[in-house]
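These notes concern the structure reproduced below.
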Amino acid sequence: MEKNRNYFIAIALSVVIVLGWQFFYMNPRIEAQRKADAALKAQQQTAQQVQPGTATPAPGVNTTAGAPVSGQPAVGTMRLDEALAKSPRVAIETTSLLGSINLSGGRLDDLRLKSYHETVDKMSPIITLFSPAETKDGYFAELGYIGDDKTGAVPGPSTVWTAPEGAKLTDKTPVTLTYTNDKGLTFARTISVDDHYMFTVTDKITNASQEPVSVASYGRVIRYSLPTTPSAYVLHEGFIGVIGDDGLIETKYTAVDKEPTTPAKATGGWLGFTDKYWAATIVPPQTTAYDARFSHFADGQPRYQADYKQDAISVAAGQSVDVKNLIFAGAKEVPVIDKYEESYQIPRFDRLIDWGWFYFLTKPMFKLMDFFFRYFGNFGVAILCTTIVVKLLFFPLASKQYASMANMKKMQPRMAELKEKFGDDKMGLQQATMKLYKEEKINPVAGCWPIALQIPIFFSLYKVIYITIEMRHAPFFGWIRDLSAPDPTSIVNLFGLLPFEAPTILHLGVWPMIMGVTMFLQMRMNPTPPDPTQAMIFNWMPLVFMFMLASFPAGLVIYWAWNNTLSVIQQAIIMRRHGAKVELFDNMRGLFKRKAPAETK
């Protein structure tokens with residue numbers, strides 16, 4: 001009785017944990033995502049998508065070199081079209097980007113990603129990454145200098161740069177902006193961009209005065225609002241950087257609300273912000289020491305800021321020096337990020353993608369899936385092929401697992417004899433059992449190791465499907481249009497036949513049900529436990545997992561269903577080879593067979 005009570009307590013706790021996790025974590029995430037998508041879509045529909053301005057100053061703007069822009073409105077109150085029309089701009093258009101450079105401050109504050117849309121609908125608005133400081137979702141990158149009395153005014157947030165008439169930044173035509181102050185310092189800023197998301201900003205500082213001057217460069221990425229996607233424990237979103245000897249630093253937004261994160265002075269590295277699929281980072285000059293900082297400011301417009309300040313450099317009279325920064329602003333595409341790390345020698349830049357603790361498994365897993373995708377053109381098929389490869393790699397372990405199970409089944413009659421022989425003598429039964437295992441060369445825990453070793457594989461695959469942008473909006477077949485999102489169908493509304501949306505807590509799609517069936521069949525490959533409580537757990541577990549995985553990415557559910565199917569086939573083959581009976585069909589018949597009524601005396 002005591003044993004059964006413990007089993008029931010374990011069942012109750014398991015159900016409470018699963019339902020609590022579903023209700024308090026996954027369901028709010030899904031609802032938040034739906035609301036965020038709806039709000040963003042409405043905002044994009046109402047905002048006017050204006051074309052970037054030219055280098056011609058907007059009316060009423062003071063273009064005196066070094067003078068602040070006049071008529072500055074309250075920060076964060078303008079519509080996008082108003083903010084873009086307010087200041088002189090140079091258009092940006094490449095194969096991947098659309099936007100403009102703000103000549104007031106020389107900022108990158110208007111950037112959209114041409115290849116990515118808000119939803120799976122190709123007619124939905126494209127992703128907006130950067131927005132001007134005057135909008136409520138301000139997000140921008142800025143480079144400037146700090147001088148002294150000898151230098152005069154140096155480029156900063158309010159500096160108005162001069163651009164050639166009709167200038168336009170493309171991946172084939174760089175743009176050079178200029179600014180000269182009253183002390184004889186000329187700054188020529190050449191901005192170029194590749195066909196993806198890397199901007200190269202080279203400032204040539206020429207000192208035409210009669211004495212040397214010193215200037216310190218700075219760079220910062222500022223954002224006003226947080227990502228609209230709900231946060232998840234498996235993914236870091238927030239401040240990120242590789243700062244010298246401190247290495248990779250990942251800081252949550254909440255961590256800087258009270259005090260900034262200030263790594264030690266360093267040489268080399270990068271810093272900025274990372275979202276689930278997008279990022280904005282600055283790579284400062286790699287040979288000069290700098291101080292980095294992650295901070296939050298509540299004065300005026302609340303904002304988060306990742307910045308660096310370089311040690312001052314000297315510019316001799318009549319001489320010039322070059323200061324080079326890189327700015328990455330775009331989608332975290334794995335091949336692109338890896339290419340930047342290699343070609344620009346950016347330390348550990350691939351960690352901009354959150355591969356997690358199992359980096360050594362997660363990234364190779366993606367590489368394998370990407371290989372199959374390039375061959376078949378479908379990431380769903382790539383998941384199926386990757387599962388087969390993983391199964392083949394683990395085949396020796398699985399063979400030992402099922403062989404151990406087969407041998408254990410063969411020993412059941414002798415085990416029954418030992419139990420009858422020793423009765424209540426538990427110590428004697430244990431010693432006799434271990435002796436039997438030793439004689440027959442059976443390892444009773446051999447079947448556990450393959451399962452334990454596959455847990456990191458499963459988690460790595462989950463990470464790949466959840467974090468990589470390649471999975472975003474990647475279709476499978478039929479109704480699965482996005483492998484990174486849950487199966488959109490639900491049994492509650494008869495898979496879309498009834499005209500209403502199923503409640504989140506009752507959401508159960510086709511693929512989770514397929515997974516549940518395959519899990520049920522896999523469990524039926526083994527004998528039903530004789531204990532009634534254990535048998536009940538055995539029978540209900542697939543149903544619990546069906547509901548638990550209903551809110552997981554469809555790609556992961558497809559993997560699990562396919563993995564279960566392959567496991568059933570694999571187990572049947574191995575157990576036949578070892579002369580053990582395959583229990584599936586007998587267990588299925590026994591499940592639906594009615595028990596005969598007990599005889600009455």
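Basis for what follows: all heavy atoms, side chains included, without hydrogens, waters or symmetry-related copies.
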Quick one: are I388 and L384 in side-chain contact, heavy atoms under 4.5 Å? no
Taking only residues two or more places apart in sequence or in another chain, which ones pass ring pair (Phe, Tyr, Trp, His ring centres under 6.0 Å) with F373? F379
Using every non-hydrogen atom in the two residues, find where T386 and M369 come nearest and quote the distance to one decimal. OG1-CG, 3.1 Å
Please identify each residue that fulfils salt bridge (Lys or Arg N to Asp or Glu O under 4.0 Å) with R223, with sequence neighbours left out. D275
S192: what forms a side chain to side chain contact (heavy atoms under 4.5 Å, CB included) with it, not counting sequence neighbours? P174, T200
According to the salt bridge (charged side-chain N to carboxylate O under 4.0 Å, His left out) rule, which pairs have a member within residues 353-375, sequence neighbours left out? D338-K363, D338-K367, D350-K363, D354-K463, D370-R374
Working for side chain to side chain contact (heavy atoms under 4.5 Å, CB included), residues Y359 and R351: CA-CA 9 Å; Y359 173 91; R351 301 312 293 268; 3.6 Å; yes
For a 4.5 angstrom cut-off between non-hydrogen side-chain atoms, does R112 reach I127? no
Test ring pair (Phe, Tyr, Trp, His ring centres under 6.0 Å) on Y559 and Y462 and set out the steps. CA-CA 10 Å; Y559 158 78; Y462 174 59; over 10 Å; no
Tell me whether the rings of Y224 and F140 are parallel (<30°), tilted (30 to 60°) or perpendicular (>60°). perpendicular
Just verifying a value: how many Å separate F273 CZ and F294 CZ, rounded to the nearest 0.5 Å? 8.5 Å
What verdict does the side chain to side chain contact (heavy atoms under 4.5 Å, CB included) test give for I467 and I353, after you've listed the backbone C-alpha separation in whole Å, the side-chain angles of each residue and the deciding distance to 0.1 Å? CA-CA 8 Å; I467 70 169; I353 300 170; 3.9 Å; yes
Set of salt bridge (Lys or Arg N to Asp or Glu O under 4.0 Å) partners for K339, sequence neighbours left out: none
Applying salt bridge (charged side-chain N to carboxylate O under 4.0 Å, His left out) as the test, list every pair that has at least one member in residues 471-488; sequence neighbours left out. none
Go through the side-chain N and O atoms of T274 and K332 and say whether any donor and acceptor fall under 3.5 Å apart. yes
Tell me, do Y139 and L129 make a side-chain contact under 4.5 Å, heavy atoms counted? yes
Could you tell me the separation between the CD1 atom of I465 and the OG atom of S484, rounded to the nearest 0.5 Å? 9.5 Å
Given F239 and T261, is the side chain to side chain contact (heavy atoms under 4.5 Å, CB included) satisfied, shown in steps? CA-CA 10 Å; F239 297 95; T261 298; over 6 Å; no
Between CG on residue D171 and CD1 on residue I92, distance to nearest 0.5 Å: 12.0 Å
Taking ring pair (Phe, Tyr, Trp, His ring centres under 6.0 Å) as the definition, give me every residue that meets it alongside F349, ordered by chain and number, with sequence neighbours left out. W270, F328
Under 3.5 Å side-chain donor-acceptor pair for K172 and T94: no
For F358 and F360, take the angle between the two ring planes, folded into 0 to 90°, and tell me which bin it lands in: parallel under 30, tilted 30 to 60, perpendicular over 60. perpendicular
Which atom names give the shortest non-hydrogen contact between K276 and E237, and what distance separates them? N-OE2, 2.9 Å
Please list, chain by chain and in numerical order, all residues satisfying side chain to side chain contact (heavy atoms under 4.5 Å, CB included) with F371, sequence neighbours excluded. none
Qualifying residues under side chain to side chain contact (heavy atoms under 4.5 Å, CB included), relative to V389, sequence neighbours excluded: L368, F372, L393
Could you go through S225 and D137, starting from their C-alpha distance and side-chain angles, then the distance that decides it, and tell me whether this counts as side chain to side chain donor-acceptor pair (under 3.5 Å)? CA-CA 5 Å; S225 57; D137 294 321; 3.1 Å; yes
S124 side-chain N/O to H117 backbone N/O, donor-acceptor pair under 3.5 Å: no
Partners meeting ring pair (Phe, Tyr, Trp, His ring centres under 6.0 Å) with Y197 (sequence neighbours left out): none
Restricting to non-hydrogen atoms, name the atom on S460 and the atom on L361 that form the minimum distance, rounded to 0.1 Å. OG-CB, 3.4 Å
Write down the atom of A550, the atom of P512, and the distance for their closest heavy-atom approach. CA-CG, 3.7 Å
Could you check whether the rings of F366 and W355 sit parallel, tilted or perpendicular, using 30° and 60° as the cut-offs? tilted
In this structure, CD1 of I383 is separated from CH2 of W562 (nearest 0.5 Å) by 13.0 Å
Those residues at least two apart in sequence (or on a different chain) that pass ring pair (Phe, Tyr, Trp, His ring centres under 6.0 Å) with W278 are Y116
Within the structure provided, determine whether Y340 and H196 are in side-chain contact (heavy-atom separation under 4.5 Å). yes
Provide the closest heavy-atom pair for A329 versus F199 in the form atom of the first, atom of the second, distance. CB-CE1, 4.5 Å
Hey, what do you get for CG (L248) to CD1 (I240), rounding to the nearest 0.5 Å? 5.5 Å
Check L461 against M365 and note the closest heavy-atom contact, atom names and distance. CD1-CG, 4.1 Å
Looking only at side-chain N and O atoms, does N563 offer a donor or acceptor that is under 3.5 Å from a partner on T387? no
Sequence neighbours excluded, which residues qualify as side-chain hydrogen bond (donor to acceptor under 3.5 Å, both in side chains) partners of W560? N564
Is there a side chain to side chain contact (heavy atoms under 4.5 Å, CB included) between L326 and I282 once you walk through the steps? CA-CA 6 Å; L326 301 175; I282 296 178; over 6 Å; no
At what distance, to the nearest 0.5 angstrom, does OG1 of T95 lie from CG of D194? 8.5 Å
